[in-house]
Amino acid sequence: MREGYGAGCGRYGSHGTDRLLLRRFSGEDAEALLAFLGDPEVNEFLPMFPLRDAAEAERYLRYIGDWVRQGGLYYAVCLKGRPEPVGCVHVSGDDSRDLGYALGRAFWNRGICTEACRAVIARLKRTGAPYVTATHDVNNPRSGAVMRAVGMTYRYSYEELWQPKNRPVTFRMYQLDLNGRENETYRKYWDRHPVHFVENP
């Protein structure tokens, strides 16, 4: 078996939930990654174009390795008893601590994203991180439902010309404080984008 992508970053390793195993991606996961990140319907609200072939999947695995080496968390989501990933969940290593996730269509509407995100947030909390944020396109309310299910609260909305897909998007920003104190809302998206406002979503 090839070395896991992000190996050597010992601050996180494989762990599980009742139904899931969350582990580092390995070089053997390219086919499974292509299966869900290459699906245009899964990809519709992701910040990337669908993977087109095995070569792009291999490049994306290298990107995941870079993500982890830069301080982020990036897990393959597997059903227990099945080795291949059916999705992914990740947290950026920058000050946004942005939570993101994707899941193969065959596994939607089973609570899998919520279960995986709860596990990763618990892991992040143990690192001493003060908060985690997440954003979703207003046209993707299912993602907002996951954010609320893991305890995140809506803070504000903003408009952005989203790259690389080059389309205007209104995002809703959610945040969860992890240290037992009410932190100030993460404001960088608000400050960066001139069109910003508070809704009642």
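Between M147 and C117, the closest side-chain pair of non-hydrogen atoms is not below 4.5 Å. Using a 4.5 Å heavy-atom threshold, the side chains of L161 and P168 count as touching. The closest side-chain heavy-atom distance from R118 to V150 is below 4.5 Å.
In terms of modelled atom types and a separation under 3.5 Å, the side chain of T133 and the main chain of S96 share a donor-acceptor contact. A donor-acceptor pair is defined here as one N or O able to donate and one able to accept, closer than 3.5 Å; no such pair exists between the side chain of W162 and the backbone of P47.
A distance of 9.5 Å separates CG in D29 from CD in E84, rounded to the nearest 0.5 Å. Distance check, rounded to the nearest 0.5 Å: CE of M152 to CD of Q175 gives 7.5 Å.
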Given Y174 and R148, is the side chain to side chain donor-acceptor pair (under 3.5 Å) satisfied, shown in steps? CA-CA 8 Å; Y174 283 70; R148 291 188 296 274; 2.9 Å; yes
Going through the checks in order, is the side chain to side chain contact (heavy atoms under 4.5 Å, CB included) test met by V86 and L103? CA-CA 6 Å; V86 299; L103 188 67; 3.9 Å; yes
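H90 pairs with exactly one of Y101, Y74, F25 by the ring pair (Phe, Tyr, Trp, His ring centres under 6.0 Å) rule, that one being Y74.
Side-chain atoms of Y186 and D95 form a donor-acceptor pair, as typed in the model, at a separation below 3.5 Å. Using modelled atom types, one finds a donor on one side chain and an acceptor on the other under 3.5 Å when comparing T153 with R155.
In summary, R69 and D66 engage in a salt bridge, as defined by a charged side-chain N under 4.0 Å from a carboxylate O.
Residue F36 is not grouped with residue F49 when hydrophobic side chains (ILVMFWY) are merged at heavy-atom distances under 4.5 angstrom, including chains of intermediate members.
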